[in-house]
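Taking it in order: structure first as structure tokens, then the write-up.
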Amino acid sequence: MTLRFYDTASAEVRDFVPLVPGKVSLYYCGATVQGMPHVGHIRSAIAFDQLTRWLEYRGLRVTAVRNVTDIDDKILTKSAESFEPDFESGPETVREEEWWALAYRYEQEFLKAYDTLGVSRPTYEPRATGHIPEMHALVQQLIDRGHAYPALDDSGDVYFDVRSWDKYGSLTRQNIDDMQGAQDADPRGKKDPRDFALWKGSKEGEPTTASWASPWGAGRPGWHLECSAMVTKYLGTEFDIHGGGLDLRFPHHENEMAQSQAAGHGFANFWMHNGMVTYQGEKMSKSIGNTISPAEMLELAPPRVVRYYLGQAHYRSVLDYRPTSLEEAAAAVERIDGFISRTVRALSLGAPPAGGNYSFATYGKVPEPFERAMDDDLNVPQALAVVHETVRAGNTALTEGRLEDARQALHDVHDMLRVLGLNAVATGAAGDARESAALEVLVEAQLAARAQARATKDWAASDAIRDTLKAAGIAVEDGADGATWSLQRD
């Protein structure tokens, strides 16, 4: 089946044909590093990680670029409000944190969250502050083509002239006269309130370190300009896919597309946007207290469970969080892992590593229904349904003694988990895996001792071992094939 993806610009699912045969160029918007990552950031990263993994499975070489916005109004504002310990002056002394230090600190938090949840590192991860010359060149190009102008109030700002580009609004299918004014600069220097800032002149009170010399005066780049300059440097003036959260369609992606195409660039062939995360049907908001962060999720569940939850819905749909969401995801992951453990034991392959990442010599072909689902606009929910159906079929095969069918199911499940980034290695949870592997060895030793006690009819010893495991939060279930165990859920 041909790869097909939904393109926001054309509002239809289209056949995906790379611009360069065998290669895919992908750019998706990363973080504005003004604070800790929120769940929407991570959901977006997981969605485009799933896309990258599937394209690579399909034999395509993917060049993925995820930017870091490390200079922005919000970063400067947050820096002015934040303080850090000044250890040279004593532990009780605090000083204002430099904007670049704040940005770097939060950038590391994003990387830690991505790594913990198995989001593969992109090919390139450029910072906005490292591409000022490219931004200057793009601004000048737009001025020369009649699509940009220096501010009329001599503020040092440079604006994109939205009226000069007759396609403005096409990505989000809006009429320009129905749009509100751009809020990124004082409108007094604009020809039209909707004109947006390409370059922002330095303002009184802003740190001098947040300013670069330019032909239009000292200042810093506008948010939208940054992405256009970076994607062009790393992927060229025309590339395959531009991605990001649904909330970025307007104004960010609308403005990106306008300024790049006005500069004569073909820009993105596909626009892909992932849906938002809600809390029991409502938009998450700190003001009403209905938010949950990735860090809070990781306190409630292991990384594989959190990734399963954040990646289980179709990427374009709304993902609704409820207090039971992680419990339900944990139950699904446990069903998968239970099958893997049971099958590995039955096939005498040795104790399976935690997380179901049994290592096979080859990376096989996933089942055809899984392929069809993923080819069809990355339909992960349907693909996961194939995973669970394979688990059910594999369990039935084990019960009926059809070990070769169980072996094939084990291979299929392993390969599907690997594509989805749900195997232990891919989730970057090496520490968790080592701890779980140690637990596996210890529990299996206790079960072996219990089996020996039962064989000699030492029921008191058998019960004592079972009670000890239960007190440690481990449930033991006796079956025809011997005892199995699982961690008890609260």
Side-chain angles (χ1 to χ4, degrees), residues 1-7 10 12-28 44-66 114 117-125 231 234-236 238-244 266-274 307 311-312 314-316 356-387 389-390 407-428:
M1 182 177 178
T2 302
L3 280 166
R4 291 172 60 78
F5 300 129
Y6 182 85
D7 172 32
S10 62
E12 63 180 358
V13 176
R14 299 197 286 119
D15 289 354
F16 175 75
V17 179
L19 296 170
V20 178
K23 299 180 179 181
V24 176
S25 45
L26 165 66
Y27 181 96
Y28 69 95
S44 183
I46 289 175
F48 289 101
D49 184 56
Q50 290 173 333
L51 172 64
T52 301
R53 290 170 183 273
W54 185 245
L55 291 170
E56 290 175 341
Y57 171 83
R58 277 307 198 186
L60 298 164
R61 181 179 175 183
V62 182
T63 300
V65 180
R66 180 181 68 211
Y114 294 148
L117 293 171
V119 177
S120 302
R121 293 290 179 98
T123 314
Y124 308 112
E125 192 161 18
V231 69
Y234 293 95
L235 297 181
E238 189 171 6
F239 56 98
D240 290 304
I241 301 170
H242 194 314
F267 213 53
N269 189 28
F270 271 77
W271 288 86
M272 297 178 68
H273 292 95
N274 64 274
R307 179 174 175 117
Q312 67 182 330
H314 191 280
Y315 77 93
R316 286 195 285 121
N357 188 36
Y358 194 85
S359 178
F360 294 107
T362 59
Y363 183 17
K365 187 176 184 295
V366 298
E368 186 177 345
F370 185 96
E371 284 189 345
R372 288 199 303 269
M374 295 295 283
D375 281 346
D376 185 16
D377 196 27
L378 212 67
N379 193 336
V380 171
Q382 187 59 46
L384 281 171
V386 177
V387 173
E389 178 56 37
T390 305
R407 183 191 298 273
Q408 183 60 54
L410 180 63
H411 277 264
D412 288 344
V413 168
H414 169 267
D415 290 334
M416 291 186 285
L417 293 181
R418 185 173 173 180
V419 167
L420 294 171
L422 285 170
N423 57 312
V425 171
T427 54

Taking ring pair (Phe, Tyr, Trp, His ring centres under 6.0 Å) as the definition, give me every residue that meets it alongside Tyr234, ordered by chain and number, with sequence neighbours left out. Tyr124, His131

Nearest-0.5 Å distance, CG of residue Leu235 to NE2 of residue His242: 9.5 Å

Any donor-acceptor pair under 3.5 Å linking the side chain of Ser25 with the backbone of Thr63? no

Hey, does the side chain of Arg307 reach the backbone of Leu420 with a donor-acceptor pair shorter than 3.5 angstrom? yes

Going through the checks in order, is the side-chain contact (heavy atoms from CB on, under 4.5 Å) test met by Ile46 and Val119? CA-CA 6 Å; Ile46 289 175; Val119 177; 3.9 Å; yes

Indicate the atoms forming the closest heavy-atom contact of Ser44 with Asn274, along with that distance. OG-OD1, 2.8 Å

Identify whether the distance between the nearest side-chain nitrogen and carboxylate oxygen of Arg121 and Asp49 falls below 4.0 Å. no

Would Gln382 and Phe370 count as a side-chain contact (heavy atoms from CB on, under 4.5 Å) here? Give the steps. CA-CA 7 Å; Gln382 187 59 46; Phe370 185 96; over 6 Å; no

Is the side chain of Asp377 donor-acceptor paired with the backbone N or O of Tyr6 at a distance under 3.5 Å, no angle test? yes

For the residue pair Pro381 and His314, what are the closest heavy atoms and their distance? CG-N, 3.3 Å

Calculate, to the nearest 0.5 Å, the distance between atoms CZ and CZ belonging to Arg66 and Phe48 respectively. 12.0 Å

Identify the two heavy atoms, one from Val380 and one from Gly311, that lie closest to each other, and give their separation to 0.1 Å. CG1-O, 3.2 Å

Can you see which heavy atom on Val419 is nearest to which on Trp54, and at what distance? CG1-CE3, 3.5 Å

Check the pair Val17, Leu3 against side-chain contact (heavy atoms from CB on, under 4.5 Å), reporting the backbone distance first and the verdict last. CA-CA 8 Å; Val17 179; Leu3 280 166; over 6 Å; no

Using 4.0 Å as the upper bound for N to carboxylate O, is an ion pair formed by Asp240 and Lys23? no

The reported gap from CG in Leu51 to CZ in Phe5 (rounded to nearest 0.5 angstrom) is 5.0 Å

Can Asp376 and Arg372 be counted as an ion pair, charged N to O under 4.0 angstrom? no

Using the ring pair (Phe, Tyr, Trp, His ring centres under 6.0 Å) criterion, which residues pair with Tyr315? Sequence neighbours excluded. none

Using modelled atom types only, decide if a donor and an acceptor are shared between the side chain of Arg61 and the backbone of Gly22 within a distance under 3.5 Å. no

Taking all non-hydrogen atoms of both residues, which atom of Pro122 and which atom of Ala64 are closest, and how far apart? CB-O, 3.5 Å

Taking side chain as C-beta onward, heavy atoms only, is Val231 less than 4.5 Å from Val65? no

Rounded at 0.5 Å granularity, tell me how far NZ in Lys365 sits from CG in Asp415. 11.0 Å

Tightest non-hydrogen contact, residues Pro18 and Val24, listed as CG-CG2, 4.2 Å

For the atom pair CE (Met416) and NE2 (His411), what is the distance rounded to the nearest 0.5 Å? 12.5 Å

Atom CG in Asn269, atom CD in Glu238: separation rounded to 0.5 Å? 6.5 Å

Who are the side-chain contact (heavy atoms from CB on, under 4.5 Å) partners of Asp7, not counting sequence neighbours? Ala9, Ser10, Arg14, Phe270, Trp271

Arg4 vs Asp15, test: salt bridge (Lys or Arg N to Asp or Glu O under 4.0 Å). Steps then yes/no. CA-CA 4 Å; Arg4 291 172 60 78; Asp15 289 354; 2.5 Å; yes

